Amino acid sequence: VWGCMLTPTMQEFYTSDAGLMLPDISIVIPLYNEAPNLAELYREFTEILGEAGRSYEIIFVDDGSTDETFRILTDLHAKDARVRVIRFRRNFGQTAAFMAGFANARGELVVTSDGDLQNDPRDIPAMIEKLESGCDIVCGWRRDRKDPWLTRRAPSMIANWLISTTTGVRLHDYGCSLKVFRSDVIKSLRLYGEMHRFIPAIASDQGVRISELVVNHRRRRFGVSNYGLSRTVRVMFDLVT
Ligand code: UDP
Ligand code: MG
């Protein structure tokens, strides 16, 4: 960004966004074929973040979608310069999408979320408050998770126990995408495969303080889930790594 000419919308962002050069908060959201969710997703996040009164940017990472996702994101960016879009040439997976978002995040705090409306942005202000009261990572805990038992909740219970036991970083819900990080913590991580779900365990090497907060979880209404049981196998291999 610094080395190239700024487009009109970017100039606007740099000069008029509450007079701040850089946003306080970067939201990173990976998307794979989430077109039917995008209008509501954008509306919810901007409403909550607007009420929070902090400057922000939303980085949508289009992970090689084959539906209308990218076109809709282009429209959102055209009308709101706080929306930034990264597009992958093909589907690389959620971990790669988070990495691209982290590399481009300019905020001091980075919030991650799913883009299918299952996470609830209304939880973000309390998570930020918790982080600012003295932690480096705040992880959402979907205590009342709205997903199928056999393909989601059961494997996840086993995974949480296994990851907690092997890494020594005990969390109830490693798989919850809704998390808040201090930017310097995630910028130094090098992740691949399915490793985004191990971020708290990997980052604990840096001596970070981690806490959990119970968050709301909702059923997926539009689009389809991208994962089946085969994910469990890949997660297990990455846990060994
Ligand atoms: N996602 C992605 N790339 C993928 C698979 C998923 O960016 O290859 C995104 C997806 O669009 C959603 C989030 O990751 O925003 C979580 O995926 P999904 O809802 O399919 O997972 P589940 O909630 O069923 O575990
Ligand atoms: Mg989902």
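These numbers come from a predicted model, not from an experiment. Read the numbers this way: they start at 1 and go in the same order the structure lists the ligands and their atoms.
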Sorted by chain and residue number, the ring pair (Phe, Tyr, Trp, His ring centres under 6.0 Å) partners of His172 (sequence neighbours excluded) come out as Trp141

Is the positively charged end of Arg190 above the ring of Tyr192, judged by distance under 6.0 angstrom from the centroid and angle within 45° of the axis?
no

Given a cut-off of 2.8 Å, the protein N, O or S atoms lying below it from the Mg ion (ligand 2) are Asp116 OD2, Gln118 OE1

Contacts of Tyr42 meeting ring pair (Phe, Tyr, Trp, His ring centres under 6.0 Å) (sequence neighbours excluded), chain-then-number -> none

At a 4.0 angstrom heavy-atom cut-off, what protein residues surround ligand 1?
Pro30, Leu31, Tyr32, Glu34, Asp63, Asn91, Gly93, Gln94, Asp114, Gly115, Asp116, Gln118, Arg152, Arg220, Ser225, Asn226, Tyr227, Arg231

For the residue pair Glu194 / Tyr227, report whether a side-chain donor-acceptor contact shorter than 3.5 Å exists.
no

Donor + acceptor pair across side chains of Gln206, Asp136 (<3.5 Å)
no

Classify the side-chain pair Glu108/Ser183 by whether it contains a donor and acceptor separated by less than 3.5 Å.
no

What orientation do Phe98 and Phe102 show, parallel under 30°, tilted 30 to 60°, or perpendicular over 60°?
parallel

Between Ser225 and Arg152, a side-chain donor and acceptor under 3.5 Å:
yes

Just wondering, more than 12 heavy atoms not from Glu129 lying within 6.0 Å of its CD?
no

